[in-house]
Amino acid sequence: MKLQAKFNLAMAGAFLLGLGLAAALSWQIASDNARQDVLRQAALIASEGDGVSLYTDQEIAPLLAKASPDSFAPQTIPFLATQNVFRRIQKDWPAYSYKIAALNPTNPADRAADWEGDIITGFRNDPKLTQMITTRQTVAGPVLSVAKPIRINDAGCLTCHSTPDRAPQVMTALYGPSNGFGWKMGETVAATIVSVPMRVPLDHARQTFLFLMAALVLVFVLMVAAMNVLLRVFIVKPVGAVAAMADEVSLGRMDVPELPAKGDDEIASLASSFNRMRRSLVQALKLLDE
């Protein structure tokens with residue numbers, strides 16, 4: 001195998017190894033960035049939901065309570081207001097969701113799906129857990145969900161959720177006496193779950209990754225091409241000339257012209273040494289002829 005072929009094989013092996021390491025590291029960075037982007041979106045949605053809930057509790061509920069002190073208005077429920085606002089947002093962004101899922105909700109529409117129930121159960125099993133991040137596959141691609149527990153820490157909540165007879169009659173008339181009761185202090189009864197699709201950020205990450213890999217391959221091809229030209233001009237051709245002259249001298253042809261030995265690199269030094277050897281051999285043959 002010729003020197004240039006060996007050089008190309010060595011370069012290709014080193015490049016493939018480096019490309020594999022770069023690909024693994026690049027994809028890890030790109031996917032982590034995509035995940036962080038999704039988490040930022042989820043945090044923004046959750047913050048907006050908290051703002052709506054707080055506004056409803058501090059601004060809307062007191063006004064309605066003054067207007068009708070003996071009546072029950074669903075609009076005063078912060079969680080309900082938050083979800084109603086987000087349902088309107090979902091008309092334009094159907095892949096995103098904000099849900100307050102409960103195992104035993106007052107409103108049957110808030111009942112937890114199986115995977116949401118698993119999250120609530122996880123919070124129940126670990127009272128110190130304040131957040132849970134999960135990823136699940138859907139028909140639209142992977143979806144990341146950020147969940148926070150809702151625990152009964154205010155005894156006032158039990159007025160509506162302990163037993164049906166303590167709840168406002170308007171509430172039981174609206175939702176029935178079978179749902180949303182039996183809650184206890186300190187119990188995790190629900191979870192705020194924000195779900196954000198990961199398909200778009202992952203697609204962007206994949207495109208960035210493929211662009212980077214293509215750029216690395218292009219740089220390698222250009223680099224190998226340039227190094228092959230340099231190798232051929234400065235090493236292969238000069239060494240080939242030395243080998244050709246050695247063949248001529250070995251066949252007794254001493255009249256071959258000397259090799260050009262310009263420069264101070266190793267190839268020039270080799271050519272100079274070979275020229276001196278040829279001259280010495282010519283002188284030695286002359287002495288033998290005498």
Side-chain angles (χ1 to χ4, degrees), residues 21-58 77-103 105 107 109-153 187-213 215:
L21 294 174
L25 181 61
S26 299
W27 177 246
Q28 184 64 43
I29 294 174
S31 58
D32 285 347
N33 287 339
R35 180 180 174 85
Q36 290 302 317
D37 184 32
V38 172
L39 287 174
R40 283 191 292 270
Q41 293 181 43
L44 177 60
I45 294 173
S47 181
E48 291 175 345
D50 292 342
V52 172
S53 178
L54 190 63
Y55 178 79
T56 302
D57 184 52
Q58 296 183 353
I77 303 175
F79 294 155
L80 178 62
T82 303
Q83 294 193 104
N84 284 340
V85 168
F86 199 82
R87 287 189 182 104
R88 288 168 170 79
I89 297 175
Q90 274 188 306
K91 293 178 180 178
D92 296 324
W93 303 89
Y96 294 75
S97 71
Y98 182 103
K99 182 178 179 181
I100 299 173
L103 296 178
N107 187 347
D110 298 332
R111 189 171 303 279
D114 290 341
W115 66 273
E116 294 168 335
D118 292 339
I119 291 176
I120 298 172
T121 301
F123 285 129
R124 284 188 168 187
N125 293 336
D126 186 357
K128 295 181 179 180
L129 193 61
T130 59
Q131 180 175 274
M132 189 181 300
I133 299 174
T134 59
T135 303
R136 71 184 192 281
Q137 289 295 329
T138 68
V139 293
V143 173
L144 183 143
S145 297
V146 179
K148 293 183 179 180
I150 297 176
R151 298 186 172 100
I152 303 300
N153 297 318
E187 182 183 26
T188 300
V189 296
T192 301
I193 303 176
V194 177
S195 297
V196 179
M198 298 185 68
R199 181 177 58 82
V200 173
L202 285 177
D203 285 346
H204 289 167
R206 191 174 294 106
Q207 291 173 3
T208 302
F209 170 74
L210 293 176
F211 176 80
L212 178 60
M213 292 299 100

Please examine the side chains of Val85 and Tyr98, heavy atoms only from C-beta on, and report whether any two atoms are closer than 4.5 Å.
no

Exam field: side chain Ser53 to backbone Gly49, donor-acceptor pair closer than 3.5 Å
no

When rounded to the nearest 0.5 Å, the distance separating OG1 of Thr82 from CG of Asp57 is 10.0 Å

For Pro201, check side chain to side chain contact (heavy atoms under 4.5 Å, CB included) against everything at least two apart and list the hits.
Ala34, Asp37, Val38, Gln41

Decide yes or no for Ile119 and Trp115: does some side-chain heavy atom of the first lie under 4.5 Å from some side-chain heavy atom of the second?
yes

Could you report the tightest heavy-atom contact between Arg136 and Ser195, atom names first, then the distance?
NH1-OG, 3.7 Å

Residues pairing under salt bridge (Lys or Arg N to Asp or Glu O under 4.0 Å) where one sits in residues 193-203, two or more places apart or in two chains, turn out to be Arg199-Asp203, Asp203-Arg206

Set of side chain to side chain donor-acceptor pair (under 3.5 Å) partners for Asp32, sequence neighbours left out:
Gln28

Should Leu144 and Leu39 count as side-chain neighbours, where that means a heavy-atom distance under 4.5 Å?
yes

My understanding is that only residues two or more places apart in sequence, or in another chain, count here; which of them pass side chain to side chain contact (heavy atoms under 4.5 Å, CB included) with Ser26?
Phe209, Leu212, Met213

Can you give each donor-acceptor pair under 3.5 Å made by side-chain atoms of residues 120-129, sequence neighbours left out, with the distance rounded to 0.1 Å?
unit_1: Thr121; atom_1: OG1; unit_2: Gly117; atom_2: O; d: 2.9
unit_1: Arg124; atom_1: NE; unit_2: Thr188; atom_2: O; d: 2.7
unit_1: Arg124; atom_1: NH2; unit_2: Glu187; atom_2: OE2; d: 3.1
unit_1: Arg124; atom_1: NH2; unit_2: Thr188; atom_2: O; d: 3.3
unit_1: Asn125; atom_1: ND2; unit_2: Thr121; atom_2: O; d: 3.2
unit_1: Asp126; atom_1: OD1; unit_2: Lys128; atom_2: N; d: 3.2

All side chain to side chain contact (heavy atoms under 4.5 Å, CB included) counterparts of Ala140, not counting sequence neighbours:
Thr138

Met198 and Thr135: which non-hydrogen atoms are nearest, and at how many Å?
SD-CG2, 4.0 Å

Who passes side chain to side chain contact (heavy atoms under 4.5 Å, CB included) against Ala95, sequence neighbours left out?
Pro197

Using 0.5 Å steps for rounding, measure from the CG atom of Asp50 to the CD atom of Glu48.
10.0 Å

Within the 4.5 Å heavy-atom criterion, are Ser145 and Glu116 side-chain neighbours or not?
no

Could you give the distance from CD1 (Ile150) to CD1 (Ile100), rounded to the nearest 0.5 Å?
5.0 Å

Decide yes or no on side chain to side chain contact (heavy atoms under 4.5 Å, CB included) for Val194 and Tyr96, but give the supporting numbers first.
CA-CA 8 Å; Val194 177; Tyr96 294 75; over 6 Å; no

Which residue pairs pass the salt bridge (Lys or Arg N to Asp or Glu O under 4.0 Å) test with at least one member in residues 84-93, sequence neighbours excluded?
Arg87-Asp110

Taking the side chain as everything from C-beta on, heavy atoms only, tell me whether Ile89 gets closer than 4.5 Å to Phe86.
yes

